[in-house]
**Student:** 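I have a structure I would like to understand better, so I am pasting it below and will then ask my questions one at a time.
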Protein chains: 2
Amino acid sequence: MKRITIREVSEKAGVSTAAVSYVLNGRHSKVSADTIEKVQRAAQELNYIPDFSARSLANNSSKLIGVVIPQTEDRKQLLLQNPFYSELICGIESQLRQSGYHMILSGVEKGEGYLDTTMQRNLDGAIIMGVYQESFYDDLKKVNMPIVLIDSYIYDRHFHVVGIDDELGGYMAVNHLIENGHTNIALVTGTIRKDGVVEKRFLGYKRALKEAGLFYNPDHVFEHSVTYEYGYEAGKLIAAEHPEITAVFATSDQMAMGVMRGVREEGKDVPEHISVIGFDDISFARMSTPPLTTVDQDIISRGMKAADCLLSAIQNKGKELPSEPTIMPLALVARDTVRKLQ
Amino acid sequence: MKRITIREVSEKAGVSTAAVSYVLNGRHSKVSADTIEKVQRAAQELNYIPDFSARSLANNSSKLIGVVIPQTEDRKQLLLQNPFYSELICGIESQLRQSGYHMILSGVEKGEGYLDTTMQRNLDGAIIMGVYQESFYDDLKKVNMPIVLIDSYIYDRHFHVVGIDDELGGYMAVNHLIENGHTNIALVTGTIRKDGVVEKRFLGYKRALKEAGLFYNPDHVFEHSVTYEYGYEAGKLIAAEHPEITAVFATSDQMAMGVMRGVREEGKDVPEHISVIGFDDISFARMSTPPLTTVDQDIISRGMKAADCLLSAIQNKGKELPSEPTIMPLALVARDTVRKLQ
DNA sequence: ACGGTTTACTTAAACGCTTAACCTTATGAC
DNA sequence: GTCATAAGGTTAAGCGTTTAAGTAAACCGT
């Protein structure tokens, strides 16, 4: 299919290419109503479609947003199997497309090389999910474009973060267990890193215990990787060797599902013997058996919000993004994996 | 961050921009070893990053691949919550990135308007998942780029399809149930459309029954949408009103999970009272309770294969893609949802 | 009637890269 | 020594836009 250029539109309309450009970009103050009309008709009839590469070259804006998600260490594949990221992307994409932007979705090799991508592609902005090594963020700061971070506690004037109150989330989860009469509550979690989301949830766990006058027992935190598999291991361990534990708070829904399976493997049941609460409310949470009680963060809305923030930052080129993070609401959704004790 | 242009590299290296371009694009026949060396050092020291927009404009190739997945009717959001698509994308992305390509992920408004995107962005190729209205494919044919289709039985010289043998898959699933002694087997499925993947699986279902000398009972096919929710409805129905049915083949894993829940809701158990087999082997299949027996199509590999096909088609600009589809292998993975009868 | 604005366009340079065409100089065949 | 060829470079046009600067006509206040 042959490309129709602005030149051909201009000839058909009997005006200069500049006039066409003005009309097409809505600089209506520069042109008469008559010309607008002629140009629009010509463009319509020729089925003119602008070339974004040329546009990008001329005015240094590509209408392209970089979206980065973590990947597996080994096979360098996106962690998109994690519905948390999938759902975020659903939200992001729908907002971007509505505004005429497109998304370049990619992973990034151990934090290196993304600078290349952003420069090559002239990205207008980026949304970064997950946590990377420092040098990655340093690179990001160098290129002058708005950036929003998801799942990060890096507060820097270069970045805007769209987050949740993880500490509160952890607190809500554990408090729910406490309200249901549980006093020996295990924590099953990924690696607790300083200033990571997981640490905040952990802090919430401790605060809930403390406020309820319960003893924090380090032996009751099972910390490893954020996977179904580790949840399974932890679940088995808990069911087999910790008869005192009656409830577990898993810091992700997948882990919670793993815990449930591990518990069952040891001949115990959820929630009869052990109650379980997860975190995130991914779409599969409601499909688990039994349906999982969890802390819902409306993931899709969060993605949409991130996109909105980014877009508005791109629009108000001049002003910086508000440096305070945007905090999205949480809600406890009680399904069938928590039993009321006594 | 200021952009370093080819001009600056050429000045630093003391050669013309043309020479730099030749070196950087590997046209080594045109330049001496000495120049190559000088240019490479200059580029390195200046940390030169080419501008793909300019490149795209000059040689009409963007190194950008369009990836399209279906979206929900109502909210116009990607169906990325369906792990089937997520996993495909994992595979696609990893291959593309390795070859220096990037992916523009988007949905498409009821089949319209994607032509615009492809023209605007000068896409080098596209991977289309799902099924759309005819006009969409007509548009696609007009733009002259390689296209690979996933999950489609449209055989046209313009497209290459990377598929599986859905009929065989359906056959394998049902045959597995029959081998386990089941004779009253329900089918729970999305809408059966002529030449859709679902129809093929349905055909496989019928063939397996026939070959085993079993009667095909239309009352045993439960056809509606490909969702967990419908699986749930169907499961309840089956458990409550079809005591003769001992096994169900669901044409997607999500539906299978829904069936299991529905069955349980009616006080029956999987696999004790009713056996269930799914299709796809999404990552959550192994996390269900009990772990789901299903027909595995290595989804990630399929995504990778699709990307490979596309890339090689882009490379051999001239030659057309082989018009026979690429068929990926299937495997039955027996987990815990099918009971041996008697 | 005159300078000064305003309005509605057009011209042409610029964005960063590729590449066909051209220009030297060296190499070799006879 | 002459001519063809090859090797290694350079020049400059072109890709499709945008936009600053220029132009020409119309309008206006005095």
Side-chain angles (χ1 to χ4, degrees), chain A residues 1-39 42-43 46-64 100 116 118-124 317, chain B residues 1-39 42-43 46-64 100 116 118-124 317:
Chain A
M1 191 174 181
K2 206 190 137 296
R3 158 144 251 135
I4 304 292
T5 71
I6 203 172
R7 155 122 265 128
E8 302 170 61
V9 176
S10 77
E11 279 163 10
K12 174 141 192 166
V15 295
S16 70
T17 62
V20 175
S21 177
Y22 291 137
V23 172
L24 265 30
N25 291 297
R27 296 226 204 314
H28 285 186
S29 61
K30 312 272 282 178
V31 277
S32 68
D34 181 49
T35 307
I36 292 179
E37 152 71 9
K38 279 189 301 186
V39 168
L46 291 174
N47 202 350
Y48 168 73
I49 299 172
D51 181 323
F52 279 32
S53 303
R55 235 180 220 181
S56 167
L57 190 58
N59 63 11
N60 219 21
S61 146
S62 58
K63 300 266 176 193
L64 238 30
D116 285 18
T118 64
M119 295 294 289
Q120 286 168 352
R121 301 294 186 185
N122 260 303
L123 300 184
D124 286 356
K317 200 99 201 166
Chain B
M1 190 175 182
K2 205 190 139 295
R3 157 145 254 134
I4 304 293
T5 71
I6 204 173
R7 156 124 262 128
E8 301 170 62
V9 176
S10 77
E11 277 162 11
K12 174 143 193 166
V15 295
S16 70
T17 63
V20 175
S21 176
Y22 290 137
V23 172
L24 265 29
N25 290 297
R27 295 224 204 315
H28 286 186
S29 60
K30 308 275 283 178
V31 278
S32 68
D34 182 48
T35 307
I36 292 179
E37 153 70 12
K38 279 189 302 187
V39 168
L46 291 173
N47 202 350
Y48 169 72
I49 299 172
D51 182 322
F52 279 31
S53 303
R55 234 180 222 181
S56 167
L57 190 57
N59 62 11
N60 219 23
S61 145
S62 58
K63 299 265 177 195
L64 237 30
D116 284 17
T118 65
M119 295 293 290
Q120 285 169 352
R121 300 293 186 187
N122 261 302
L123 300 184
D124 286 356
K317 200 100 202 166

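Letters A, B, ... are given to chains in the order of the sequence lines, protein chains preceding strands, and every chain is numbered from 1.
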**Student:** State, to the nearest 10°, the angle formed by the axis through the first five base pairs of the helix from C:dA1-D:dT30 to C:dC30-D:dG1 and the axis through its last five.
**Tutor:** 40°

**Student:** Is there a side-chain contact between B:E11 and B:L46, using heavy atoms and a 4.5 Å cut-off?
**Tutor:** no

**Student:** Within this structure, what is the CG-to-C1' distance between B:L24 and C:dT18, rounded to whole angstrom?
**Tutor:** 12 Å

**Student:** With no hydrogens and no angle check, is any side-chain donor or acceptor of A:N122 less than 3.5 Å from a backbone partner on A:S61?
**Tutor:** no

**Student:** I need the NZ-C1' distance between B:K30 and D:dT11, as an integer number of Å.
**Tutor:**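 After rounding, the reported distance stands at 13 Å.
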
**Student:** Side chain of A:N59: nearest nucleotide among C:dT18, D:dG9, D:dT18?
**Tutor:**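 The answer is D:dT18.
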
**Student:** Indicate, with a heavy-atom threshold strictly under 4.0 Å, whether B:R27 touches base, sugar-phosphate, or nothing.
**Tutor:**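 If one applies the 4.0 Å heavy-atom cut-off, B:R27 turns out to touch the sugar-phosphate alone, with no base involved.
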
**Student:** Do A:V15 and A:V20 have side chains that get closer than 4.5 Å, going by heavy atoms?
**Tutor:**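 In contact.
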
**Student:** Calculate the interatomic distance between A:N25 atom CG and D:dG16 atom P; express it in whole Å.
**Tutor:**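 To the nearest whole Å, that distance equals 17 Å.
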
**Student:** Under a 4.0 Å heavy-atom cut-off, which of residues 46-58 of chain B touch DNA chain C?
**Tutor:** B:Y48, B:P50, B:D51, B:A54, B:R55, B:A58

**Student:** Does a salt bridge link A:K12 with A:E8, judged by any charged N lying under 4.0 Å from a carboxylate O?
**Tutor:**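 A:E8 and A:K12: not salt-bridged.
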
**Student:** Given atom CZ of A:R7 and atom C1' of D:dT18, what is their separation to the nearest angstrom?
**Tutor:**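 Taking CZ of A:R7 and C1' of D:dT18, I get 14 Å after rounding.
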
**Student:** Can you establish whether the number of heavy atoms outside B:R7 located under 6.0 Å from its atom CZ is more than 12?
**Tutor:**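 Open: at most 12 neighbouring heavy atoms sit under 6.0 Å from CZ of B:R7.
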
**Student:** Hey, which of B:S62, B:S56, B:S53 is the one that makes side chain to side chain donor-acceptor pair (under 3.5 Å) with A:S53?
**Tutor:**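 Testing A:S53 for a side chain to side chain donor-acceptor pair (under 3.5 Å) against B:S62, B:S56, B:S53 leaves exactly one candidate, B:S56.
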
**Student:** Between A:M119 and B:R3, which heavy-atom pair has the shortest distance, and what is it?
**Tutor:** O-NH2, 2.9 Å

**Student:** Whole Å only: how far is the CZ atom of A:R3 from the C1' atom of D:dG16?
**Tutor:** 8 Å

**Student:** Side-chain contact, heavy-atom cut-off 4.5 Å: A:I4 with A:N47?
**Tutor:**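 The answer is no, as the side chains (C-beta and beyond) never meet within the 4.5 Å cut-off.
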
**Student:** For B:N122 and D:dG16, give me the distance from atom CG to atom C1', rounded to whole Å.
**Tutor:**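 In whole Å, D:dG16 C1' and B:N122 CG are 10 Å from each other.
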
**Student:** Listed in order of residue number, which residues of residues 9-22 of chain B have a non-hydrogen atom at under 4.0 Å from DNA chain D?
**Tutor:** B:V15, B:S16, B:A18, B:A19, B:Y22

**Student:** To check you understand the geometry: which heavy-atom pair defines the closest contact between B:Y48 and B:T5, and what is its length?
**Tutor:** CE1-C, 3.7 Å

**Student:** Output the rounded distance in Å from CD1 (B:I6) to C1' (D:dT10).
**Tutor:** 14 Å

**Student:** What is the distance, rounded to the nearest whole Å, between atom CG of B:N60 and atom P of D:dT17?
**Tutor:** 12 Å

**Student:** Testing the basics here: between B:R121 and A:F52, what is the closest heavy-atom pair and its distance to 0.1 Å?
**Tutor:**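 Shortest heavy-atom contact: NH1-CD2, 3.1 Å.
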
**Student:** How close do B:T17 and B:I6 get, heavy atom to heavy atom, and via which atoms?
**Tutor:**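 Smallest interatomic distance, heavy atoms only, reads O-CD1, 3.9 Å.
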
